[in-house]
Structure formats: C-alpha cells, structure tokens
Amino acid sequence: MPNNNDKNVTKRDLWRVLLRYMFTFQWSWNYERMQALGFAWSIMPILEKVNETKEDLKLSLQRHLNFFNTHPPMGAGIIGAAAALEEQGAEGEAVDSLKVGLMGPLAGIGDTLFAILTRPIIGVFAASMALGGSMGGFWLMILFGLFWGIGVKIYLFWQGYQRGADIVQDTAAGGTMDKLTTSATILGLTVIGGFVPSILSGVTTPLEYTETVEVEGELTEQVVAVQDVLDQLLPYLIPVLFVALAYWMLRGPLKWSPIKVLLALVVIAFGGSLIGIL
Amino acid sequence: MEEVVSPYGIGTALVLGLWAYIAIVSMLAPNISFHEPIVAGAVTGIIVGNIPLGLAVGGTLMIISLGMHTYGGATIPDFLTGAILGTAFGALAYDGNVESAMATGLTIAVPAALLMTQLDVFGRAITTVFIHGADKYVEDGNFRGVTLMHILGQLPWGLTRAIPVFLAIWLGAGPVQRFMEWIPEWFQEAISTTGSVLPALGFALLLSMLPVKKYWPFLVIGFILFAYLEVPVIGLAIAGAALAALYFHMKEGEASA
C-alpha cells in the first residue's frame, strides 16, 4: 500500500546512498547472501526517511537483507532505481522484484563488458607497458579502475534514479546492448587472436637434431633446430597448441576447473623444461 | 644473487601488510584497480625501492590473470598477494638485471598465489558471521549495529592477506632469501618456462566465455595479422573495431536488401 507521508528525501540523502554504495558495497560480502548487507546498509538513508516508525524501518531493512548479487558498477543502476521506488512509497514487493529481476541480467552484461572485453584489452596494454618498465601501465590500470569503480557507478546511479525502473529494464533487454556486446565480442576476438602469439612468443622448443645432407656431392652433417621447422609449418604453433589444450581441458569432456587446468599446465611446462623439450 | 641485501625490517613488513589489506578491501569496494597485479606490484616496487621490478612482476601476473574473474564469487589464484611477495622477494635477488630478479620473484609469486586460494576460502567462510550479526541487530532495532557489521565485514578479507604478507616479509625474508640462493639453475629455468606458458590459461578462459563457435574467423584474422604480418597491438584493436563496423554494415545491408 503506498504511503503518502511527507518523506522529503533530499539530494543529500541520495548522495549518501551513492557514496555508501560506491565506497563500501561489498565490504560485507559473504557466502550466504553475498551483497545483501551492503545493499541494505547503502539504501538505509532513504529507508530512515520514508519509514515513520522503528517497526516499519525494521521490516524494510529485513526485506533488503535478502540475497542479492550482481556486478557492482552495473548494480548502481539497480540501487538508484530502488531508491526512487522506495521514495515514491512503492510496495515492498515491487522493489524486491525489481532487484531480483535485474541483478542476474546486469551481472551477465557487467561481467562480459568488464572481465571478458575491457579488462583483458586494457590489461594487456598495461602489462606490455609495465614489462617495458613504464609507469604508464600503472596509470592506465588506475584510470580503468576509476572509470568502472567511480564513473560508471555515478552515471548509472543517477540514470537509475531519474528513470526509475524503466531504463534499467530497457538496458537489460534492449537491442542497443546486444549490438554493443556483439561489437565488443568481435573486437575482443580479433585482439585475442593477435595476443596469443604475441604474449606467448617466448614459448618455444630448444630441440635440435642432426641430419646428413648432400651438398655438391659431399655428405655433411647439419644441425637443424626443430623450432625453425615448426615455424615453416605454422608460426607460433606451440603457443596455439597450449591455448587449444587449455581450452579443451576447460570446455572439452574433462570440464576441469581453472585451478586444475593451471596445475596441469604447471606440470607440463615444468616437466617439459626439465626433459629439455621446452 | 651473490650479494646479500639486508633483509626487510618490521617497518617494511607492516607497510606491505597494510598495503595488502587496503588493496584487497578495495577489490570489494570501490573497485578501483588497487588489487590488480600491476598496481599491487608497482606500489610494492615503490615501497621496496625497485619500481621496474614491481611493474615487471605485476605485468607478468596481470597477463596470467587475464580472463580470470571471480564469477559469482568464485575463488581464483590470489595474484594480488603474489605480486606483493614476488616483487618484495625478487628485489632481494636484484643485481642490476630486472629479468633474472623477475624470474626469482615469480618462483615466489606463483606458488604464493596458489597457496593463498586456501586462505581466501577460509576468509570467505568467516564472513557469514557478520550477516547473522546484522540480522540480530535489525531484530533488536539497533541500527548502529547494522552499520558496524557491514563495516567489520572487511576484516576477514583484509586480515587473510595482511597477516601472511606481514609474516612472510618480516620473519621469512632471511629464510626465503637463503632458500632463493640455494635454488639451482635448472629449477629457475623450469619456473621461468612455466611462467611463459601460463598466460595460455588466461586466453583459454577468455575464449571459453566468448561465442567462439560463431565468431571464430575474427580470432583467425587476429592471429594472421600478428603471426604473419607483425601488426602491433594498437593495429589489432583498430582492425577489430573496423571488422565490427563491417559486420553490422553487411548484416544491416542484407536486411534492407
């Protein structure tokens, strides 16, 4: 039931919500309800204003202590929209269904944009600068962090607040997002295709063999580096095989966890080096 | 490696422990990259006085960690702690050559990152205490208590990094240094090979999360651009952007035709 009390939520209250969310959201992350306490505590300044009695505030906080988990920068849009709904005196169920309905899709979009597309591209640039001894790699990562951790959160919070539930739903279901992810996927795959040989270029074999060849009627012995033979077949063949092997261990019939694959690669690389084939 | 540099004192150990605490908590919020290996390594480099080494160790660990993301709160190797310990101990073996000091640093960093997953799971298990505490405070109407629980929630995360880093730097510097001097050449070579192979996992993880079956030609084009034409990374990114534009251009052209 909508309550029509004089809630007078101020701009200052909203900033308090945003700042709490931005700087502390996952501090109380836990296995049981993940980001629930962070959400409840962040939105508390609004709840304190709109709930007249202590009993109402209690019930309202308990509602917000239910399971919640999403991508933190994207989730700023959710808490912005939730703040708008709470301010309008929407029913608890409406706020809950907004949260539950959006946390999954936005987590998927946020993880894709962050972990699969932008972080690897920026990360490789930053790493190549860092490996060259340049502090530019450090600053690039800091800027990247400020973009996601501060910029995206501020933008999405106010978007979510001003347009209420609508905008957030549009973003999750709309075609603009689909086009953006496809473009980013193509860009990402092209770059990864080049990064595999460039980053793994140090993975070569020191193997050699001796063959007898006939030069102008005389038999001479010649040392042939296996790596040269492989390079003629396909440059960077060994790096490609390692990525293919790791991919197969993750996605093939084995379905290994990343940590298991990590250990397997350590054993193969370490052993390969000991017996002199890597 | 022959020259013994004086091991770290309790002051450095405290500062590095504090840095580990701040960096891991900032991973929870405000998510501003302090926990990324490059940043963690560079700051450690500033503290121990070897920035190029911190950048190199961090950069290598950054590449290894590509594609590793804590999806749904999964535990992944702790490259943050790895970068701090790898840089700090690599600096002890520094004799003017970043490459060899980095190899030494990685012999510490990679095992440390793997061992730390155990502590990560342990720390995360403790965090449940705080949400139950918050439930109780709400029930009692003590809203300050709720605030307290939320703020204290960071302790298991911060302490599971700060304590091992502090102890390793303070107590372990001497023993770790002696251990590193004892490490034979072939072992260091094998570790260095391992370090150069591990980024393959980062790429494989990344690819396993992308629709490779549908868009594999772009992967091949990227490979050819580098392997045969030696196009640098910026060129790859520009080519990728052009290909994406082309893809939609042709797709929309088809639709309107």
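As a basis for the values below, the full set of heavy atoms in this structure was taken, side chains included, without hydrogen atoms, waters or symmetry mates. Residue numbers begin at 1 in each chain, while the letters A, B, ... track the order of the sequences.
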Residue B/F34 versus chain A: region with a heavy atom under 4.5 Å: side chain
Contact origin within A/S134 toward chain B - heavy atom pairs under 4.5 Å: backbone
Heavy-atom contact with chain B under 4.5 Å, split by part of A/I121: neither
Sidechain-backbone polar pair: A/Y21 side chain, A/P72 backbone, donor-acceptor under 3.5 Å: yes
Chain A contact via B/L207 - side chain, backbone, both or neither, heavy atoms under 4.5 Å: both
Atom group of A/P239 that falls short of 4.5 Å from chain B, counting heavy atoms: neither
Proximal component of A/V240, with respect to chain B [non-hydrogen, under 4.5 Å]: side chain
Which atoms of B/T60 approach chain A - backbone, side chain, both or neither, heavy atom under 4.5 Å: both
Side chain, backbone, both or neither of A/F147 within contact of chain B (heavy atoms, under 4.5 Å): neither
Best-contacting candidate, B/A29, B/G123, B/A42, against chain A by heavy atom pairs under 4.5 angstrom: B/A29
Side-chain donor-acceptor contact under 3.5 Å, B/T147 with A/R20: no
Chain B contact via A/L250 - side chain, backbone, both or neither, heavy atoms under 4.5 Å: side chain
Region of B/Y215 that comes under 4.5 Å of a non-hydrogen atom in chain A: both
Residue part contacting chain A, namely of B/I151, when any heavy atom lies under 4.5 Å: both
Interface moiety of B/E139 toward chain A, non-hydrogen atoms closer than 4.5 Å: both
Test item: B/F223 and A/L234 side chains (from C-beta on) under 4.5 Å apart, heavy atoms: yes
Among B/G59, B/G153, B/A241, B/A200, residue most engaged with chain A (heavy-atom pairs, under 4.5 Å): B/A200
